[in-house]
Structures are given as structure tokens and as C-alpha cells.
Amino acid sequence: MRRLIIFLLGLLGFTAVSCDSPDNLNAYGTPHVLFSLKARVVDEQGNPIKGIEVDANEHYWFDNNCYSDENGYFDVSGNLPPGDQYKVRFIDVDGAENGGEFETLELDITDNVKKVAEGSNGWREGEYKAELGEVTLKLKQSTADVNEK
């Protein structure tokens, strides 16, 4: 009977696995990298834009979106799955309140991403950062402007 139970457990995939090996330390969750992103959001004249949402949740970057401050700067960090393509969106969520209504901009920032630290034991695969400098948003054209053309 004991052999039958052991056979059935093995057949169902139950095995004795040790989590004490160096490769399995701190391996709770999924593989990830620590990622930080900095930039300054400005209009076409170089003026800072406050309140622009920096959105990367679609790509599982950050737990919460962040917003540019009164000088247009933002600095956000969080965990994300390792990958080789990184995109971020800049969204005007408050309309004309911040100097006009701006078009949403999606950027592929893959070429700006730099590895700054190696990973540790377990599933942390390193630290990466991207500094974009200034990100320029364009004003949305009003329907009157479009009709004049």
C-alpha cells in the first residue's frame, strides 16, 4: 500500500524538493529587476509641464503611476519582469489645467536603459535605470485649428 501511495504521489508531481540550495535563496515570487526612470516633461517652448502621468503599468513596471512635479521632473522606481523592450507613456490627465491639453506620447526607451548593478542570489536579476533628459509634449490641435487647414 505504501508503494502505491508513493507511486501515485510521484505520478501527480509531488516530490521532495529542498529550497536550501544557493540558487533558490530568496526565490519567492517571480524573476525581476529593479528599474528606475527619470526625466523632465516640457512643452514645445521648453516650459515644464506639471501633472503629466507617467504610465508604464501596462508593462508591469511600477505599482503606482507617478506625475511630473511643478518643474516637470519625475523620478520613479519599481520592480519589473526582466525583458529587452521598455516603453512608457506620458498622459495629460488634467486637460488644459497645466498650460494646455497635450497629446499622449508613447516612447520606446529601450536604447536608454543601462544596467547599473548585477543581480543577487535568487530571482533578482540586477538593477537598471533610464534617464531621458527632456521629454517634449505637443499641444493637441483644437477642432477649430483642424478645420482651418
Side-chain angles (χ1 to χ4, degrees), residues 9-10 12-149:
L9 288 175
L12 294 173
F14 294 99
T15 58
V17 176
S18 171
C19 293
D20 295 332
S21 71
D23 292 336
N24 289 330
L25 293 176
N26 302 319
Y28 180 79
T30 60
H32 66 277
V33 298
L34 180 61
F35 190 88
S36 66
L37 176 64
K38 292 181 183 182
R40 183 173 188 233
V41 184
V42 298
D43 64 17
E44 293 176 287
Q45 289 73 41
N47 301 313
I49 308 173
K50 176 184 177 183
I52 297 297
E53 180 180 26
V54 181
D55 177 24
N57 282 345
E58 176 182 329
H59 308 287
Y60 307 104
W61 283 22
F62 310 113
D63 294 333
N64 297 305
N65 292 340
C66 74
Y67 300 87
S68 56
D69 66 15
E70 60 276 349
N71 296 312
Y73 291 101
F74 70 88
D75 184 353
V76 64
S77 62
N79 292 309
L80 68 149
D84 56 2
Q85 186 175 10
Y86 302 97
K87 293 183 180 181
V88 64
R89 287 186 297 169
F90 300 89
I91 305 167
D92 184 353
V93 292
D94 63 7
E97 226 176 273
N98 57 13
E101 196 169 347
F102 294 91
E103 294 179 1
T104 296
L105 175 66
E106 182 171 324
L107 293 177
D108 182 337
I109 63 168
T110 303
D111 292 339
N112 298 85
V113 175
K114 307 291 182 232
K115 188 171 189 173
V116 295
E118 293 297 323
S120 59
N121 281 349
W123 289 10
R124 182 151 172 213
E125 296 188 5
E127 294 182 28
Y128 293 79
K129 72 175 182 176
E131 295 181 11
L132 305 180
E134 288 190 346
V135 174
T136 304
L137 298 186
K138 295 180 180 181
L139 282 171
K140 285 184 179 178
Q141 290 185 336
S142 70
T143 54
D145 292 342
V146 173
N147 291 335
E148 287 177 12
K149 292 183 180 182

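Position 1 is the first residue of the sequence; numbering continues from there. Any value given below was found using the heavy atoms of this structure, including those in side chains, with hydrogens, waters and symmetry copies removed.
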Query raised in the report: With sequence neighbours left out, what residues match Lys129 under salt bridge (Lys or Arg N to Asp or Glu O under 4.0 Å)?
Result: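 Listed in chain order: Glu131.
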Query raised in the report: For Glu103, which residues count as a salt bridge (Lys or Arg N to Asp or Glu O under 4.0 Å) partner, sequence neighbours excluded?
Result: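 If we apply the salt bridge (Lys or Arg N to Asp or Glu O under 4.0 Å) test to Glu103, skipping adjacent residues, there are no hits.
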Query raised in the report: Got a second to check how far Lys114's NZ is from Tyr128's OH, nearest 0.5 Å?
Result: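 If we round to the nearest 0.5 Å, Lys114:NZ and Tyr128:OH are 12.0 Å apart.
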Query raised in the report: When rounded to the nearest 0.5 angstrom, what distance separates CD1 in Ile52 from CG in Asp69?
Result: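 Answer rounded to 0.5 Å: 12.0 Å.
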Requested in this report: Keeping the roles fixed (side chain from Ser68, backbone from Gly51), state whether a donor-acceptor pair exists under 3.5 Å.
Outcome: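 Yes; judged by distance alone, with no hydrogens or angles, the pair exists.
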Query - Short side-chain to backbone donor-acceptor contact, Asn71 and Tyr73, under 3.5 Å - result: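 It does not hold such a pair.
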With heavy-atom distances below 4.5 Å as the criterion, would you say the side chains of [X] and [Y] are in contact?
X: Arg89; Y: Leu105; result: no
X: Phe90; Y: Val41; result: yes
X: Leu132; Y: Leu37; result: yes
X: Val88; Y: Asp55; result: no
X: Val113; Y: Phe35; result: yes
X: Arg40; Y: Pro48; result: yes

Query - side chain to side chain contact (heavy atoms under 4.5 Å, CB included) involving Asp108 - partner list, sequence neighbours excluded - result: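 In terms of side chain to side chain contact (heavy atoms under 4.5 Å, CB included), with neighbours along the sequence ignored, Asp108 is linked to Gln85, Lys87, Thr110.
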Requested in this report: Taking side chain to side chain donor-acceptor pair (under 3.5 Å) as the test, write out the residues that go with Lys115, two or more places apart.
Outcome: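 Lys115: side chain to side chain donor-acceptor pair (under 3.5 Å) contacts with Glu118.
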Query raised in the report: Mind checking what makes side chain to side chain donor-acceptor pair (under 3.5 Å) contact with Asn47, not counting sequence neighbours?
Result: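 In terms of side chain to side chain donor-acceptor pair (under 3.5 Å), with neighbours along the sequence ignored, Asn47 is linked to Asp43.
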Do any side-chain atoms of residues 91-102 form donor-acceptor pairs under 3.5 angstrom with protein atoms, and if so which ones, sequence neighbours left out?
from   : atom 1 : to     : atom 2 : distance (Å)
Asp92  : OD1    : Asp94  : N      : 3.2
Asp92  : OD1    : Gly95  : N      : 3.2
Asp92  : OD1    : Asn98  : ND2    : 3.3
Asp92  : OD2    : Phe102 : N      : 2.8
Asp94  : OD1    : Asn98  : ND2    : 2.9
Asn98  : ND2    : Lys50  : O      : 3.2
Glu101 : OE2    : Lys140 : NZ     : 3.4

